[in-house]
Amino acid sequence: MPAGRLHGHNGAVESPAEPIRVVIVDDNPEFLDSARRLLEHQGARVVGVASTNADALRSVQELCPDVTLVDVNIGEESGFDLAEALHEIDGAATAPVILISTHAEPDLTDMIETSPAIGFLAKSALTASAITAALGRLGESK
């Protein structure tokens, strides 16, 4: 069978594109679990989760995801600080960061705009397609 094709019950079908590889950083285990299940159900591949900035830095360096979702409040730590730290590792090689929060975006606009994150998603709006759209906007701005 040729590469890129799968054999389905109706014959050969095109295989889906490589799933987007995601690391999620949040201190809430219930959110991590539900976000993982949601994104994987929608075709994304959650390659890792972290609950602290130190674990997140380690995970991103080891797992090389396509994107890192970072809660703006990680317990007592700041997701904005983590976004800066991830950017400083090696800005070109590190996965883009999308900040996530239960807070409304207008409450965080100034901090989001000054961070190296490529965007923001409310946790209630988190979907694989929203992540892909944010990454697409990144590609258009280059």
Side-chain angles (χ1 to χ4, degrees), residues 1-8 10 12-142:
M1 195 173 351
R5 295 178 83 63
L6 300 172
H7 190 73
N10 292 331
V13 294
E14 291 296 317
S15 63
E18 282 293 310
I20 188 167
R21 300 175 74 250
V22 181
V23 166
I24 307 170
V25 185
D26 195 292
D27 63 319
N28 181 322
E30 291 83 17
F31 174 78
L32 287 173
D33 184 55
S34 60
R36 175 194 292 265
R37 281 187 282 115
L38 171 75
L39 294 176
E40 288 182 345
H41 178 74
Q42 295 175 347
R45 185 166 165 227
V46 177
V47 295
V49 296
S51 298
T52 67
N53 287 6
D55 287 345
L57 287 165
R58 207 170 16 261
S59 293
V60 169
Q61 288 178 301
E62 290 172 7
L63 301 170
C64 302
D66 298 319
V67 64
T68 305
L69 303 177
V70 177
D71 188 14
V72 298
N73 294 312
I74 308 164
E76 297 297 314
E77 299 177 297
S78 165
F80 293 102
D81 290 345
L82 176 58
E84 286 287 341
L86 288 168
H87 183 70
E88 290 171 6
I89 291 172
D90 183 351
T94 303
V97 170
I98 297 174
L99 294 165
I100 59 175
S101 181
T102 55
H103 297 287
E105 184 173 4
D107 297 343
L108 304 167
T109 300
D110 292 342
M111 292 169 43
I112 293 168
E113 288 176 356
T114 59
S115 82
I118 64 162
F120 172 86
L121 288 172
K123 287 183 179 181
S124 61
L126 184 62
T127 63
S129 60
I131 294 167
T132 302
L135 290 171
R137 287 190 297 274
L138 175 65
E140 291 168 8
S141 67
K142 285 187 177 178

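The figures that follow rest on heavy atoms only: side chains count, while hydrogens, waters and symmetry mates do not.
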Subject >> Of Ile100, Leu99, Thr127, the residue whose pairing with Leu121 passes side-chain contact (heavy atoms from CB on, under 4.5 Å) >> reply: Ile100

Original post:
Does the Glu40 side chain pair with the main chain of Arg45, one donor and one acceptor, at a distance under 3.5 Å?
Top reply: no

**OP:** Decide if atom CZ of Arg21 counts as having more than 12 heavy atoms of other residues, nucleotides or ligands within a radius under 6.0 Å.
**Re:** yes

**OP:** Mind checking the CG-OG spacing from Leu82 to Ser115? Nearest 0.5 Å is all I need.
**Re:** 11.0 Å

Original post:
Quick one: are Val25 and Leu69 in side-chain contact, heavy atoms under 4.5 Å?
Top reply: no

Subject >> Single hit among Val46, Ile20, Val23, Val22 for side-chain contact (heavy atoms from CB on, under 4.5 Å) with Pro65 >> reply: Val23

Original post:
Can you tell if the side chain of Glu77 reaches within under 4.5 Å of the side chain of Asp81, non-hydrogen atoms only?
Top reply: no

Original post:
Is any side-chain heavy atom of Glu84 less than 4.5 Å from a side-chain heavy atom of Pro116?
Top reply: yes

Original post:
Does a side-chain heavy-atom distance below 4.5 Å link Arg37 with Ser34?
Top reply: yes

Subject >> Between OG1 on residue Thr68 and CG on residue Leu57, distance to nearest 0.5 Å >> reply: 9.5 Å

**OP:** Could you walk me through whether Ile118 and Val97 pass the side chain to side chain contact (heavy atoms under 4.5 Å, CB included) test, one step at a time?
**Re:** CA-CA 6 Å; Ile118 64 162; Val97 170; over 6 Å; no

Subject >> Ionic contact status for Arg36 with Asp33, cut-off 4.0 Å >> reply: no

**OP:** State, with a plain yes or no, whether a side-chain heavy atom of Leu32 is found less than 4.5 Å away from one of Asn28.
**Re:** no

Original post:
What heavy-atom pair brings Ala44 and Ala128 nearest, and what distance separates the two atoms?
Top reply: CB-CB, 4.3 Å

Subject >> Asp71 (side chain) donor-acceptor with Ile74 (main chain) under 3.5 angstrom >> reply: no

Original post:
Heavy atoms, side chains only, cut-off 4.5 Å: are Val72 and Phe80 in contact?
Top reply: yes

**OP:** Could you walk me through whether Phe120 and Leu108 pass side chain to side chain contact (heavy atoms under 4.5 Å, CB included), step by step?
**Re:** CA-CA 9 Å; Phe120 172 86; Leu108 304 167; 3.7 Å; yes

Original post:
With the threshold set at 4.0 Å, does a side-chain nitrogen-carboxylate oxygen contact exist between Asp26 and Lys123?
Top reply: yes

Original post:
Should Asn73 and Thr102 be marked as a side chain to side chain contact (heavy atoms under 4.5 Å, CB included) after you check the CA-CA gap, both sets of side-chain angles, and the distance that decides it?
Top reply: CA-CA 10 Å; Asn73 294 312; Thr102 55; over 6 Å; no

**OP:** Check whether any side-chain heavy atom of Ile131 sits under 4.5 Å from a side-chain heavy atom of Leu39, and report yes or no.
**Re:** yes

Original post:
Which atom pair, heavy atoms only, marks the closest approach of Asp66 to Pro19?
Top reply: OD2-O, 4.0 Å

**OP:** Please report the closest heavy-atom contact between Gly48 and Leu63, naming both atoms and the distance.
**Re:** CA-CD1, 3.8 Å

Subject >> Nearest-0.5 Å distance that lies between atom CG in Asp27 and atom CG in Asp55 >> reply: 12.0 Å

Original post:
Is any side-chain heavy atom of Val49 closer than 4.5 Å to a side-chain heavy atom of Phe31?
Top reply: no

